[in-house]
Visitor: 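First the structure, which I've put down as structure tokens, then a few questions once you've had a look.
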Amino acid sequence: MEEAKNMALLFFMDHLMQKNGRRTIHDLSCQFGARGFTEEMRNAVGTTQEGLTEFLQGHPSLFTVEGDQVILNGYGEITAKNNPLLQSSARNRDYEREAVDFFVNKLTKFGPELQIKSLLGHRSQAAPEVRLVSGRHLKEFCEFLQSQVDHFVVEGDRVRLKNMPEPDENCIEMDDEGKPLAGVKAKQAAVEYLKSVLEQNEEQPIPLDQFYQNFCQRFSHSIRQDVATNPKELLQFLKLNRSLFFIRSNKVSLVKNRPNEEGSENGSDEGDVETNNNNMFPLDQNALSRIHFVKALKPAQDLVDRLWHDINGMDKKVVGLDMKTVTVGVDAESFLSLGVVATTSQIGIFDLASSDVIILESGLKSILESDSVVKVIHDARRVASLLAHKYAVHMRNVFDTQVAHSLLQHEKFGKPLNDMRPISFINLQRVYYPQSIMLSDVTPRKMSMSPNWGVRPITEEFQLTIVEEAHCLLSALHQTLSNLLPVHLHGLFEDKCIEVLLASPTRPPPQPFASSPYRASTRRDVRGSGAAMTSFPATPASFTVARPQMSDACTQTFSTGDIQVLNVFYE
């Protein structure tokens, strides 16, 4: 009975620590039916709210009961090290060792490498003592894993077992130059090996877990990082090669006569790669000469002129478009950081955080608002309202791949369009153009990470990351999705693309003279310009900007006066 009481105390302490240290008696009594709260624990504390109240009041050093409220004493100061209950039982049980064993078993089953937040999700299945010992939040959980150097290796946002099984040195693959496999070559070698394993067992599909074990026995961890570091990532990798691997009921076999009804992971069939834009240059190190990064008005104007020259030379005027945003402030307000426009010959990157006038006076606005140029973009709704309200820029004539995917899902499954969940761009690639992932050096680690588009300065390697989406939209996804859309859906598709461009009525009207929070700018009147003296003060931390008083507003432009721009680099 004493052991059951201690377990109940630990359970309620853990629950209160996860709920900011204060809950009602009713809420705590609802936990009687929770997983891990045994019948012995219920009998120890009483099976009613009155019995629970008396039980908690009997431990005034731990809990304070005020009316129907229960407060955990010393909340925020209690840790696994100073928890009196864990200390009193330390002679009988090693809770820290139990926590280590629990997470080692989870990594062995689902790993041996996972995102830390994924491993943290498995902690809900652990006993209260394990949850307390391993930390309440992600930061504390990371510190716990880092302290167990004999069992775990923490690298960034991922954790892996230290003592992972590694193949013999004779099995380590090398490329033609005698270097360890990496990137695209590692993926190609993995495909060939996994294919050979299935060819030896053609009559019997192999369970995914066993298939992953075969993969680990052949390739070292350094190569697995480029392909798959756990069974879930291996499943995603196999789906990128649907022409070879067939997955059903978590078992893998080679594709023979694939059923016609078998579709992609989101219900869509792959597009015909032969119809993609083969005139588009490949995105590799050699493409850096075709990528132009500008952060001042004059270079931006020159770049737009070159882009227009490419556009006017097209039979069908189509560009790939991508707008990168950052979130700033406690209100999580979004701002444009980078704009990317891709043609078949070159790609332009506009640093919109350095100066607002780039989007308004470089000519980029004319491309965005042109009715004759098709802008292929993923999820136009994300930036259309932002462009309209912050810059008075109203995009027209877009081909929204988010809308195209939703219509294809609607056509195949009959699900209402309003119930469609948005698809991320990486998943859009997986479904309609997995070759773009197979032929790139992107790793599972990079796939799981969202880049910070506010990082400055921008390196050449980061430029390749920035332009990847616009390049893929123009080179492959536009034509692929166009071919998949049935003729009878073309009208609805055009209507939906127009609908996503409509500015939100709940946002304030456009403020084209508001300064960007990224830099302080000063504009002064030019003598003889006919405009009154106007001063734009540096933007304060709250991002509120005083509206200038202007005369002769019909002729006032952003080009009037001197513009001073300060470069601000983000952490």
Side-chain angles (χ1 to χ4, degrees), residues 292-312 319 321-325 335-343 346-373 375 377 383-397 456 458 470 501 503 509-539 545 547-568:
H292 310 286
F293 173 65
V294 295
K295 57 181 180 179
L297 181 58
K298 183 61 171 68
Q301 290 173 334
D302 295 338
L303 177 57
V304 170
D305 289 340
R306 296 197 300 272
L307 292 173
W308 269 117
H309 182 269
D310 289 347
I311 295 170
N312 292 327
V319 298
L321 178 66
D322 185 24
M323 292 286 179
K324 307 296 188 183
T325 61
F335 294 90
L336 291 178
S337 179
L338 297 162
V340 185
V341 180
T343 69
Q346 59 185 327
I347 303 178
I349 304 176
F350 299 86
D351 189 356
L352 305 180
S354 292
S355 175
D356 285 343
V357 297
I358 287 180
I359 197 170
L360 298 169
E361 296 203 3
S362 67
L364 180 59
K365 178 180 179 180
S366 64
I367 296 178
L368 298 176
E369 295 186 338
S370 172
D371 285 316
S372 62
V373 180
K375 276 76 66 176
I377 185 173
V383 295
S385 184
L386 189 62
L387 284 167
H389 286 97
K390 287 192 178 296
Y391 304 95
V393 174
H394 302 277
M395 284 199 299
R396 296 183 178 90
N397 195 7
R456 299 297 188 278
I458 293 178
L501 297 179
Q511 297 185 12
F513 296 101
S515 296
S516 165
Y518 302 130
R519 82 285 181 272
S521 63
T522 305
R523 301 169 188 258
R524 297 185 299 274
D525 170 62
V526 175
R527 299 296 178 184
S529 65
M533 179 72 73
T534 303
S535 175
F536 283 64
T539 307
V545 179
R547 300 272 300 182
Q549 299 297 320
M550 307 186 71
S551 62
D552 196 12
C554 62
T555 61
Q556 181 72 28
T557 71
F558 278 101
S559 296
T560 305
D562 299 331
I563 301 174
Q564 178 184 356
V565 179
L566 301 180
N567 288 326
V568 179

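Everything numeric in this text was worked out from a predicted model, so none of it was measured. We're numbering straight along the sequence, starting at 1.
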Visitor: Yes or no on side chain to side chain contact (heavy atoms under 4.5 Å, CB included) for L338 and L352, after CA distance, side-chain angles and deciding distance?
Guide: CA-CA 5 Å; L338 297 162; L352 305 180; 5.9 Å; no
Visitor: If I compare all heavy atoms of A296 with all of P299, which pair ends up nearest, and what's the gap?
Guide: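 Residues A296 and P299, closest heavy atoms: O-CD, 3.4 Å.
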Visitor: From I458 CD1 over to F293 CZ, what is the distance, rounded to the nearest 0.5 angstrom?
Guide: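 Atom-to-atom, I458:CD1 and F293:CZ are 3.5 Å apart.
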Visitor: Would a 4.5 Å heavy-atom cut-off, applied to side chains only, mark L336 and I359 as touching?
Guide: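 A side-chain contact exists here, since the closest heavy-atom pair is under 4.5 Å.
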Visitor: Can you see which heavy atom on D371 is nearest to which on N397, and at what distance?
Guide: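 So the minimum-distance heavy-atom pair works out to O-ND2, 2.8 Å.
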Visitor: Assess the residue pair R456 and D351 against the criterion (side chain to side chain contact (heavy atoms under 4.5 Å, CB included)); give the C-alpha distance rounded to whole Å, side-chain angles, the decisive distance to 0.1 Å, and a yes or no.
Guide: CA-CA 10 Å; R456 299 297 188 278; D351 189 356; 2.7 Å; yes
Visitor: Just how far is it from atom CE of M323 to atom CE of M395, taken to the nearest 0.5 Å?
Guide: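 Between M323 CE and M395 CE, I get 7.0 Å after rounding to 0.5 Å.
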Visitor: Which heavy atom of V340 sits nearest to which heavy atom of A470, and what is that distance?
Guide: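 Residues V340 and A470, closest heavy atoms: CG1-CB, 3.7 Å.
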Visitor: Are D310 and R306 close enough for a salt bridge, meaning some N to O gap below 4.0 Å?
Guide: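 The answer is no: the pair does not qualify as a salt bridge.
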Visitor: Do you know the tightest heavy-atom contact between G348 and L303?
Guide: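 Heavy atoms only, the tightest pair is CA-CD2, 3.7 Å.
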Visitor: May I ask you to decide if V393's main-chain N or O and E369's side chain share a donor-acceptor pair within less than 3.5 Å?
Guide: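 No, the answer is negative, given that no donor and acceptor are paired below the 3.5 Å cut-off.
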Visitor: Is there a donor-acceptor pair under 3.5 Å between the side chain of K324 and the backbone N or O of D322?
Guide: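 Judged by distance alone, no pair lies under 3.5 Å.
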Visitor: Report the distance from atom CG of L321 to atom CG of L364, rounding to the nearest 0.5 Å.
Guide: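 One finds 8.0 Å between CG of L321 and CG of L364.
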Visitor: Any idea which heavy atoms bring Y391 and L360 closest together, and the distance?
Guide: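 Taking every non-hydrogen atom into account, O-CD2, 3.3 Å.
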Visitor: Run the side chain to side chain contact (heavy atoms under 4.5 Å, CB included) check on L307 and T343 step by step: do they pass?
Guide: CA-CA 7 Å; L307 292 173; T343 69; 3.9 Å; yes
Visitor: If you round to the nearest 0.5 Å, how far is CG of L297 from OG of S354?
Guide: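 If we round to the nearest 0.5 Å, S354:OG and L297:CG are 12.0 Å apart.
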Visitor: Looking at NE2 of H394 and CG of L368, how far apart are the two atoms once the value is rounded to the nearest 0.5 Å?
Guide: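 CG of L368 is found 11.5 Å from NE2 of H394.
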Visitor: Tell me if a side-chain donor or acceptor on K375 pairs with a main-chain N or O of I367 at a distance below 3.5 Å.
Guide: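 Side chain of K375 to backbone of I367, a donor-acceptor pair under 3.5 Å: yes, one is there.
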Visitor: What is the minimum heavy-atom distance between A300 and I358, and which atoms define it?
Guide: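 Heavy-atom minimum between the residues: CB-CG2, 4.0 Å.
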